[in-house]
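Take a look at the structure below.
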Amino acid sequence: MSRKIKTLLLSLTPIAVYFIIEILASCGCTFTGMIGMTAVSGTVFGNWLSGFLEQEGLYLISILAYLIFFVIGVFWYKRMRAGGKYPVWNQQKNLNLSVLLKLAVLGIFVQFAISFLLNLVYIVRPDVMQNYTKVMESLGSGNPSLFSVFYVVITAPIVEEMLMRGLCLVILRKEFPFWVANIIQAFYFGVIHLNLVQGIYAFLLGMVLGAVVKRYGTLKASMYLHFVINFSGQLLSLL
């Protein structure tokens, strides 16, 4: 087996680890919730808890899975960077106010571009947008809650950047030039969203985020840009 194929398979291990964590978190939370609900069933608190978990349970499980993976990912990422086996970024550049403003403008522009493309798709192929709309509604679009906003705006940018632009991209750069590695990790990023419409713009977004990491030499830059994009998306969905 060639080194490139081995590297491709190795680059999928962070994604596999994340999905395993998500499955275990889901099973654990479901089992715990069933026991808890049995104990308080029929009470006022039980009725409130049932409604709360029905509305927010998915976000709580996703946030828990993200946080567990992030802890693992930080150690994994630092170990790879310190081991000397994987290429390191160019010298980290200072994310001063000027850089943050540039990234904020870029993030808002990207979000408006995505919204414009989604409107075009809705006009041309409204049937394709049905599944995407359901996904967005499940993420709290148009009717956000505290936990849905925390999940989309805070945890997703941090953990997805650690997963894709941190672990996957760094692993891929061991055997591939940056532009190839960036395309591959962006493809992964599109696929894990599990729907066509979101997958296409996630792929394009992944390319931009990968380029930003290379440009500034730090995941903090892509995390910040990802935060701006998701935050502005939440505001647009409300408007």
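By convention here, the first residue in the shown sequence is residue 1.
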Evaluate side-chain contact (heavy atoms from CB on, under 4.5 Å) for F176 paired with L8, printing each intermediate quantity in order. CA-CA 10 Å; F176 296 94; L8 278 174; 3.9 Å; yes
T13 side chain reached by L10 side chain, heavy atoms, under 4.5 Å: yes
V105: hydrophobic cluster co-members (side-chain, 4.5 Å): none
Using the ring-ring contact (aromatic ring centres under 6.0 Å, His included) criterion, which residues pair with Y224? Sequence neighbours excluded. none
Work out which heavy atom in Y77 is nearest to a heavy atom in G166; give both atom names and the distance. CE1-CA, 3.8 Å
Any idea how F227 and F231 line up, ring-wise: parallel (<30°), tilted (30 to 60°), or perpendicular (>60°)? parallel
My understanding is that only residues two or more places apart in sequence, or in another chain, count here; which of them pass salt bridge (Lys or Arg N to Asp or Glu O under 4.0 Å) with E161? R165
Do the side chains of L103 and Y216 get nearer than 4.5 Å, heavy atoms only? yes
Crowded around F187 CZ? As in, over 12 foreign heavy atoms under 6.0 Å? no
Provide the closest heavy-atom pair for L172 versus I184 in the form atom of the first, atom of the second, distance. CD1-CG2, 3.7 Å
Going by the angle between their ring planes, with limits at 30° and 60°, are Y59 and Y151 parallel, tilted or perpendicular? tilted
Under the side chain to side chain donor-acceptor pair (under 3.5 Å) test, which residues partner E56, sequence neighbours left out? S145
All heavy atoms of M223 vs all of M162, minimum pair found to be CE-N, 4.3 Å
Do R173 and Y86 have side-chain heavy atoms sitting under 4.5 Å apart? no
Answer yes or no: is there a side-chain heavy-atom contact under 4.5 Å between I229 and L205? yes
Mark yes when over 12 heavy atoms from residues, nucleotides or ligands other than Y122 sit less than 6.0 Å from its OH; otherwise mark no. no
Do L58 and F147 have side chains that get closer than 4.5 Å, going by heavy atoms? no
Specify the closest pair of heavy atoms between I61 and C29, including all atoms of both residues, with the distance to one decimal. CG1-CB, 3.8 Å
Which residues satisfy the side chain to side chain donor-acceptor pair (under 3.5 Å) test with Y188, sequence neighbours excluded? S11
Is any side-chain heavy atom of M164 less than 4.5 Å from a side-chain heavy atom of I15? yes
Flag the pair F70 / T155 as yes when at least one side-chain heavy-atom distance between them is below 4.5 Å, and no otherwise. no
Transitive ILVMFWY cluster of F75 at side-chain heavy atoms under 4.5 Å: who else is in it? V71
Answer whether the closest heavy-atom distance between the side chains of F178 and L169 falls below 4.5 Å. yes
Criterion side chain to side chain contact (heavy atoms under 4.5 Å, CB included) against Y201, the qualifying member of V110, L117, L118: L118
Have Y66 and E22 got a donor and an acceptor in their side chains that come within less than 3.5 Å? no
Determine whether a donor-acceptor pair (N or O, by modelled atom type, separation under 3.5 Å) exists between the side chain of N230 and the backbone of V228. no
